[in-house]
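The shown structure was predicted, so the numbers you read here are calculated from the model rather than taken from an experiment. We count ligands from 1, going down the list as the structure has it; atoms in each ligand are counted the same way.
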Amino acid sequence: MSNIQEKREALGQGLQQFLTYCDQAEALITSKEVTPSPQMDFSSLIDEILPLPLDKDAPEGATMKQLQRMVPECTRCPLCETRTHTVFGEGALPARLLIIGEGPGSNEDATGRAFVGKAGQYLDTWLAPVGLSRKTNVYLANIVKCRPPENRNPHTDEVFSCLPFVKRQIQLVKPELILLVGGVASKALLNTDEGVGKLRGRFHRYEGVPVLVTYHPAAVLRNEELKRPVWEDIKKVAAFLNLTLQGKSK
Ligand code: SF4
């Protein structure tokens with residue numbers, strides 16, 4: 001076992017031992033019998049304190065900074081050949097809401113920033129009425145980090161190649177809720193062939209995190225009839241996060 005692995009294991013045992021000492025101290029101070037603390041999962045804390053060394057083939061265990069350095073180097077799928085910039089994702093950390101779309105468009109590819117084109121600006125207008133914003137409590141990311149040529153949907157193998165980055169991003173952002181916008185994101189993370197129309201309106205889970213699904217802002221810009229269902233979905237997000245609607249009635 002590597003030195004770093006040994007240190008990580010020792011740190012985990014030490015943290016658990018610390019809880020035991022706390023139990024004993026509480027019992028001494030209160031002179032009451034104290035229920036022993038359960039075995040805890042300290043993996044996120046251990047990742048922060050003693051991250052595994054940077055390995056561009058292993059996003060698992062990477063810190064956010066390491067992940068941010070890995071993505072621009074990535075050549076896991078053919079999308080690396082046509083990208084101008086990788087688009088890692090951006091927003092507030094910690095975030096209450098993580099929004100995941102399908103992939104960068106031309107503006108995102110040109111700037112390296114997530115959701116900065118017309119659709120991204122439109123997405124901001126969904127969030128503001130319920131007190132959500134990428135500046136304060138929302139993180140934005142995509143299923144693939146490189147723009148598919150001509151804005152086509154990413155192919156299954158491209159999604160599969162990029163998934164470890166998204167998966168690690170979810171673990172690091174630690175959102176209370178994930179909102180998947182569009183069919184590519186929802187199919188990839190919910191492992192389903194059902195469309196957005198069937199998936200929206202109810203809660204799903206991804207690795208224990210609650211998930212809602214709605215239409216992609218680009219699709220809503222093309223089809224006004226999707227505005228009302230999207231607003232219903234945003235109200236559901238707000239209710240889950242205990243946020244107050246700020247003066248929008250429909
Ligand atoms: Fe790597 Fe993802 Fe870009 Fe493919 S889309 S090259 S997997 S970062």
Would you indicate whether the side-chain heavy atoms of I99 and L127 approach each other to under 4.5 Å?
yes
Is there side-chain contact between F88 and M64, with at least one heavy-atom pair below 4.5 Å?
yes
Out of T111, D124, L140, which one pairs with V116 under the side-chain contact (heavy atoms from CB on, under 4.5 Å) rule?
T111
Could you walk me through whether R202 and E194 pass the salt bridge (Lys or Arg N to Asp or Glu O under 4.0 Å) test, one step at a time?
CA-CA 13 Å; R202 60 194 160 97; E194 286 191 314; 3.3 Å; yes
List ligand 1 atoms under 4.0 Å from R83, heavy atoms only on the residue side.
3 (Fe), 6 (S)
What I want to check is whether the side chains of R69 and Q66 have a donor and an acceptor closer together than 3.5 Å.
no
Give a yes or no answer on whether the side chain of H204 reaches the backbone of L190 with a donor-acceptor pair at less than 3.5 Å.
no
In the protein, how many N/O/S atoms are under 2.8 Å from atom 1 (Fe) of ligand 1?
1
